Amino acid sequence: MASIARKNLIEDIPRFLVAQAGILFAVGLVTIQTGVQLGFAQSSSQLIEQSQADLWVASNNMEHLDLTLPLPYERVAEARSVEGVEQAEGVIIGGAVCHEEQANKITGVTLVGGTGGLLFAQDSLTQGSFNDLKQPNTFIVDETSLDDLNFQKVGEQATVNSAPAKLVGLTSGTQSIVFGNLMFTSLESANYYRSYRSNALSSISLSRELTATDPVSFVLIRAIGEENLEALQQRLEAELPEVRAYTRAEMAQQTQAYWQKRSGIGYILGLGAVVGTIVGAVVVGQILYASVSDHIKEFGTLKAMGASDWYIYRVIMEQGLWMAILGYLPGMALCLGVAAWTSATQGILILITPASAIAVLGITVVMCLSSAIFAIQKVTRVDPAIVFKA
């Protein structure tokens with residue numbers, strides 16, 4: 001049985017390669033589409049998941065990471081006085097415009113300002129240090145943003161909302177599909193950049209500390225030791241007015257849910273994944289059906305020799321299984337390469353997890369076996385006398 005199935009596949013090597021290329025295309029289509037959807041979801045909450053905070057305190061009107069009402073900076077001091085809080089830091093997240101003067105080009109960025117202890121992922125740095133952000137007029141970006149922002153290397157100058165700024169470091173793996181180019185700064189610099197007007201505030205020191213009324217986006221909390229986070233959430237919400245406290249997982253889920261369900265983008269990406277699966281199934285079905293049709297006389301010969309329908313079914317099903325495996329392996333390898341290249345050069349995350357890779361394998365096997373079952377219908381109706389026809 002096995003030799004017949006394999007012989008049918010490799011009898012005509014060019015045809016076999018074309019057929020496997022079709023399956024590779026189907027595997028790649030499903031994998032990339034689902035990878036983009038998963039990557040988009042993770043990218044929307046990447047900044048949250050990379051933080052070191054146990055809790056995120058936000059306005060009770062927060063929708064997602066970049067859509068929230070501000071909190072007065074005094075909430076940071078109030079949070080520090082709550083029982084169970086070890087550390088509390090303010091965070092500013094908001095849009096800005098970066099102007100690289102030599103290229104004379106402006107680019108939209110998302111300012112991410114913090115003191116560094118709870119917000120920034122220390123292991124993401126490839127050049128510089130987050131301590132460098134203590135200097136005024138400084139910022140750090142992901143290395144994949146350099147071309148988009150028209151920078152060549154660390155040390156170059158630009159303006160952010162018309163305020164002078166200097167690139168002092170680079171990160172890796174922090175780029176966001178959703179929020180674009182992230183610009184990491186100190187909390188004081190972020191506050192200055194967003195309020196800077198070309199002349200009105202030019203005399204104000206960049207290093208000034210925020211006042212109690214200055215707005216921040218979130219307050220990040222680190223709990224003491226083994227403090228019960230649910231109890232700490234309740235205390236924070238009771239003692240701080242008009243806020244909600246989220247665990248890191250809850251904050252990430254809130255942001256992902258918004259972009260996937262309410263923005264419409266998640267629907268489009270999900271639809272793309274479904275369409276990719278359907279197209280892949282059609283491609284595989286046509287390939288396997290054509291293969292069975294090409295060998296219809298051979299199957300007629302087997303029936304004329306007394307082979308049972310079940311035996312022929314097993315031959316076709318194994319042929320479909322071999323096609324699935326031989327198309328899946330190079331297809332997945334190619335997708336992993338594309339995902340790695342895209343992440344390294346564009347900062348766009350195409351997420352291929354072990355679970356999604358196994359799921360794609362299952363989809364591929366189901367597509368091929370379903371196509372085999374479809375092709376079997378042609379064999380069951382074949383007349384063994386076809387062998388003797390001219």
Side-chain angles (χ1 to χ4, degrees), residues 46-48 50-53 56 58 65-66 68 70-71 73 76 87-101 106-146 148-151 153-176 178-198 201-211 214-220 347:
Q46 183 171 264
L47 185 63
I48 301 166
Q50 289 179 342
S51 74
Q52 307 301 308
W56 285 63
L65 187 65
D66 198 34
T68 183
L71 300 172
Y73 185 62
V76 177
Q87 187 175 350
E89 297 178 359
V91 169
I92 291 174
I93 298 176
V97 175
C98 179
H99 180 206
E100 205 288 316
E101 296 179 357
I106 62 172
T107 308
V109 296
T110 298
L111 285 174
V112 180
T115 56
L118 298 181
L119 178 62
F120 302 137
Q122 300 294 330
D123 59 354
S124 65
L125 279 167
T126 58
Q127 291 187 48
S129 168
F130 283 119
N131 289 328
D132 295 335
L133 296 179
K134 294 178 181 179
Q135 305 172 29
N137 303 65
T138 56
F139 64 92
I140 292 174
V141 297
D142 191 276
E143 56 191 9
T144 60
S145 299
L146 289 176
D148 196 27
L149 296 174
N150 298 291
F151 290 114
K153 62 183 185 302
V154 170
E156 294 188 10
Q157 300 280 344
T159 60
V160 178
N161 286 355
S162 299
K166 180 181 179 181
L167 176 63
V168 295
L170 298 174
T171 61
S172 176
T174 58
Q175 182 70 312
S176 173
V178 177
F179 302 115
N181 299 306
L182 298 182
M183 180 173 284
F184 301 105
T185 74
S186 67
L187 185 66
E188 293 77 15
S189 292
N191 182 54
Y192 183 75
Y193 290 148
R194 71 179 179 183
S195 58
Y196 188 92
R197 298 295 180 271
S198 57
L201 299 179
S202 59
S203 62
I204 297 178
S205 171
L206 285 174
S207 60
R208 76 171 181 89
E209 293 186 1
L210 278 70
T211 65
D214 282 327
V216 296
S217 304
F218 302 97
V219 179
L220 272 56

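Small disclaimer: the values here were computed from a predicted structure and weren't measured.
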Inset, instruction - Quick one: do Val168 and Phe139 satisfy side-chain contact (heavy atoms from CB on, under 4.5 Å)? Show the steps, please. - result: CA-CA 6 Å; Val168 295; Phe139 64 92; over 6 Å; no
Looking at every non-hydrogen atom in both residues, tell me the closest pair between [X] and [Y] and how far apart they are.
X: Trp56; Y: Leu47; result: CZ2-O, 4.5 Å
X: Ile140; Y: Leu170; result: CG2-N, 3.9 Å
X: Val216; Y: Arg194; result: N-NH2, 4.2 Å
X: Val219; Y: Ala88; result: CG1-CB, 4.2 Å
X: Leu111; Y: Ala190; result: CD1-O, 4.1 Å
X: Val160; Y: Ala96; result: CG1-CB, 4.0 Å

Inset, instruction - List for me each residue that meets side-chain hydrogen bond (donor to acceptor under 3.5 Å, both in side chains) alongside Glu156, sequence neighbours excluded, and say none if there are none. - result: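 Per chain and number, Glu156 pairs via side-chain hydrogen bond (donor to acceptor under 3.5 Å, both in side chains) with no residue.
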Inset, instruction - Using the test side-chain hydrogen bond (donor to acceptor under 3.5 Å, both in side chains), find all partners of Thr174 that sit at least two apart in sequence or belong to another chain. - result: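 Once residues adjacent in sequence are excluded, the partners of Thr174 under the side-chain hydrogen bond (donor to acceptor under 3.5 Å, both in side chains) criterion are Asp142, Thr171.
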How far does [atom1] of [X] sit from [atom2] of [Y], to the nearest 0.5 angstrom?
X: Thr110; Y: Asp66; atom1: OG1; atom2: CG; result: 5.5 Å
X: Asn131; Y: Thr138; atom1: CG; atom2: OG1; result: 11.0 Å
X: Thr185; Y: Phe120; atom1: OG1; atom2: CZ; result: 6.5 Å
X: Phe130; Y: Leu125; atom1: CZ; atom2: CG; result: 4.0 Å
X: Gln127; Y: Glu143; atom1: CD; atom2: CD; result: 8.0 Å
X: Leu149; Y: Asn181; atom1: CG; atom2: CG; result: 4.5 Å

Just by distance, do the side chain of [X] and the backbone of [Y] share a donor-acceptor pair under 3.5 Å?
X: Glu89; Y: Leu118; answer: yes
X: Asp132; Y: Ser129; answer: yes
X: Asn161; Y: Tyr193; answer: yes

Inset, instruction - Go through the steps for Asp214 and Thr211 under the test side chain to side chain donor-acceptor pair (under 3.5 Å), then give the verdict. - result: CA-CA 5 Å; Asp214 282 327; Thr211 65; 3.2 Å; yes
Inset, instruction - Please lay out, stage by stage, how Ser124 and Phe184 fare under the test side-chain contact (heavy atoms from CB on, under 4.5 Å). - result: CA-CA 12 Å; Ser124 65; Phe184 301 105; over 6 Å; no
Inset, instruction - Report yes if some heavy atom in the side chain of Ile93 is under 4.5 Å from a heavy atom in the side chain of Thr68; otherwise report no. - result: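 No, too far: nothing below the 4.5 Å cut-off.
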